[in-house]
Amino acid sequence: MSSTSSTSEFKPLLSQSVGYGVVVGVGFFFAGVMLVLTYLQSRYTNMSPRSSEEFTSASRNVKPGLVCCGIISAWTWSATLLQSSTAAYTFGISGPWWYGVGGTIQLAIFGMVAAKVKMNANGAHTFLEIVQVRFGTGPHLLFTFYGFLCNLVVCGSLLLGGSATVTALTGMNTDAACMLLPIGIAVYVLVGGLRATFICDWSHTVILFVIIYVASRVVLFSDCVLNDVQFKFIFKTYGTSQETEGVSGLYDLLRAAAITTPVEGNQNGSYLTMKSNQGLVFGAATILSGFAGIFCDQGYWQRAIASHPTSTTKAYMLGGLSWFAVPFAFASCLGPAWSLRLAARGLSNNLSTKPKFPTYPSPLSASQTSAGLAAPAAAAVLMGKSGAVALLLVVFMAVTSAASAELIGVSSLFSYDIYRTYFRPRAEGPEIVKVSHYFICFWAIWMGAWAVILNRAGVDLGWLFYVQGVVLSPAVIPVALTVSWGKLSKPAVILGPVLGAICGMAAWMIGCWKILGSINIVNLANPYSAVCSGLTGLLFSGIITVGLSLWQPAAYDFGGTRAIATLDSNKDEGVRRTSSSEDEKTEVTAVDENREVVLLVDGERVDISVLKRSFKRAAWYSLALTFIITLLGKYHSVSHPKPNDLSD
């Protein structure tokens, strides 16, 4: 949030027409491509988005590669690129490391929850549906509040970050960018449903990694050849840029920046050390924000529901590892964001490049840094207009991919958990699809209006990033245990989030007052006050939830959640189908007496023991990954001998 007005003006490198061309033109281009693919799918396959199961769950048979791309794309927000860059600009190398850690371990842990979803609620459409079947109306309404609150925070972050970048690079009106960005996304989500978002996620993920890593020519394993790509962020910064003079020159610039503008709390004020007090606090805030952003977001539950039961955990494992490369490589020596981020800090202190810096003669203001404009500033210095176009496309892809996941997710919450639960309990598949269409249109307009409201109120990307963990963390542990722990009781699942939220709010105010001296809007989004609140809410909610359940445990066997029926189905021989077609090979839910298997229409049987092994594998994997990237990162310190050459 902007604390003070600044005299530093970010001078756009591109014209407004470029901004409108990307937001509207590129957006509708991808929408057109998705419409064609959806038509071909409906024409030549048995999968039609007119079926509610295909529209909201992609027929529950998506393979791990596509789910992995969907996870990467849904978790690559504009904040992933911009906030990680801001962290590197502010804290040095520890910033992008902790940002990557703060999003990867949650995906690994959620892989365990995803395995439990396939075991215990195979026919569910939303995580709120599981809550309603197991605990009834009260807890369902409570978590419905958290589900929609999460969507509001995420959509605000996406559009505020994306619109700020578009405005900074092109001068396009911020309110116009907020309203126009969701429109093209809504078109292909409206027509193609969840599977269209998976396909779009794949294409956006490919483009994202191409722009990050490609030097001049890349041949993808899919036999797709992209020639002479000119976006050479890595090589430009560390090899050929006259502004940085390669690794050695950039090292000198960052050493000089540590003298003129040292990082408070870093060892020797260096930007090249992991020994950073602020970086560690930022890491804690990022981890809390990440847990809240994944476990309360229907988009990630929807990908677990849509995946094939035997490959769910594999998709989340691969997705977590692959995603780590986006913020860390985009914000470190393997990708543009860190090189741009650290380069921005170094370049703003380089006399030969100062006239090129977008805010020259002033450095980036606090509000510009909080809005995520560090990466655009460095891109403008290093590569001029081509760098600005590259960064504009990357941020645009991040916004559209993640926003498509939010649109299909929030429409599922409304159609299944509000409309079908409280208004039309007998609504069938076609009616659910129609209601989903209406709500997608509504939410596309509302999310743009919501971003405009936040922007006019002075709220920016950085403010929402820190507050996300504050408001959502009390719901994380109860909602995860709902599908995975039979002893969880109804009083515990209600009192845990409520009392945890009360304790978290109290810690937020007290921490802000004691640490920063006063309670105001800016201080409430400070990393220290955010950690006080988020950690308190998460831990107290977990302690209360688990403690009450152990005191008066339930004895739930998940029979009710395993019996959740899919729509558009015919019951035949004890099996609820996702399609009336006898030949279609899509997932179904077993309703046999011992509930020991999950069946597929083609006759394949998946034993519960296989899914249990997947759960254990995900548990060991998440523990190992947490140890490696968190503990090793904490004790590792970057050495300071001066590099001599890029090849070294």
Side-chain angles (χ1 to χ4, degrees), residues 1-12 14 16 18-20 22-24 27 77-83 85-86 148-186 289 293 358-359 364-377 388 391-392 394-400 402-403 406-407 410 442-468 470-472 520-526 530:
M1 169 165 282
S2 304
S3 56
T4 60
S5 60
S6 176
T7 58
S8 60
E9 178 186 358
F10 200 104
K11 305 175 184 66
L14 306 172
Q16 290 190 27
V18 175
Y20 283 99
V22 170
V23 171
V24 179
W77 304 354
S78 52
T80 305
L81 308 175
L82 302 177
Q83 194 66 24
S85 298
T86 297
F148 279 97
L149 179 61
C150 180
N151 284 116
L152 284 174
V153 174
V154 173
C155 290
S157 297
L158 291 173
L159 294 182
L160 284 178
S163 62
T165 300
V166 173
T167 299
L169 293 176
T170 70
M172 180 180 177
N173 182 271
T174 303
D175 293 346
C178 289
M179 294 301 300
L180 291 174
L181 276 169
I183 303 302
I185 308 167
S289 179
T359 59
L364 289 175
S365 66
S367 61
Q368 289 167 337
T369 302
S370 181
L373 299 185
L391 194 66
L392 185 63
V394 169
V395 172
F396 175 79
M397 297 298 174
V399 172
T400 54
E406 294 305 309
L407 279 176
V410 76
F442 165 76
W443 196 262
I445 297 172
W446 164 243
M447 68 188 290
W450 170 243
V452 171
I453 294 171
L454 293 176
N455 181 57
R456 293 298 181 90
V459 174
D460 60 22
L461 174 64
W463 199 89
L464 284 178
F465 173 79
Y466 288 114
V467 171
Q468 176 175 298
V470 171
V471 298
L472 296 175
N520 55 50
I521 300 298
V522 175
N523 288 346
L524 287 174
N526 183 276

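- Between W443 and W446, the two ring planes are perpendicular [angle over 60°; tilted spans 30° to 60°].
- In this structure, OG1 in T174 is found 12.0 Å from CG in L159, a value given to the nearest 0.5 Å.
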L524 vs V467, side chain to side chain contact (heavy atoms under 4.5 Å, CB included): CA-CA, chis, key distance, verdict: CA-CA 8 Å; L524 287 174; V467 171; 5.9 Å; no
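- M179 CE to S163 OG: the interatomic distance, rounded to the nearest 0.5 Å, is 12.0 Å.
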Test log, rule side chain to side chain contact (heavy atoms under 4.5 Å, CB included), inputs V18 and M172: CA-CA 9 Å; V18 175; M172 180 180 177; over 6 Å; no
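- Within the model, atoms CD of Q16 and CG of L169 stand 13.0 Å from one another, a figure rounded to the nearest 0.5 Å.
- F396 places a side-chain heavy atom less than 4.5 Å from the side chain of L181.
- Under a 3.5 Å cut-off, the side chain of S157 and the backbone N or O of L464 do not form any donor-acceptor pair.
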Trace of the side chain to side chain contact (heavy atoms under 4.5 Å, CB included) decision for I521 with W463: CA-CA 9 Å; I521 300 298; W463 199 89; 3.5 Å; yes
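- One distance of note links CG of D175 with CG of L180; it measures 10.5 Å at 0.5 Å rounding.
- Note that the SG atom of C150 and the CD atom of Q468 stand 6.0 Å from one another [nearest 0.5 Å].
- Heavy atoms only, all atoms of each residue included: A176 and Y20 are closest at CB-OH, 3.8 Å.
- For the pair M447 and N151, the minimum side-chain heavy-atom distance is 4.5 Å or more.
- Atom CG in L158 sits 8.5 Å away from atom CD1 in I185 (nearest 0.5 Å).
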Stepwise side chain to side chain contact (heavy atoms under 4.5 Å, CB included) test for V452 and R456: CA-CA 6 Å; V452 171; R456 293 298 181 90; 4.2 Å; yes
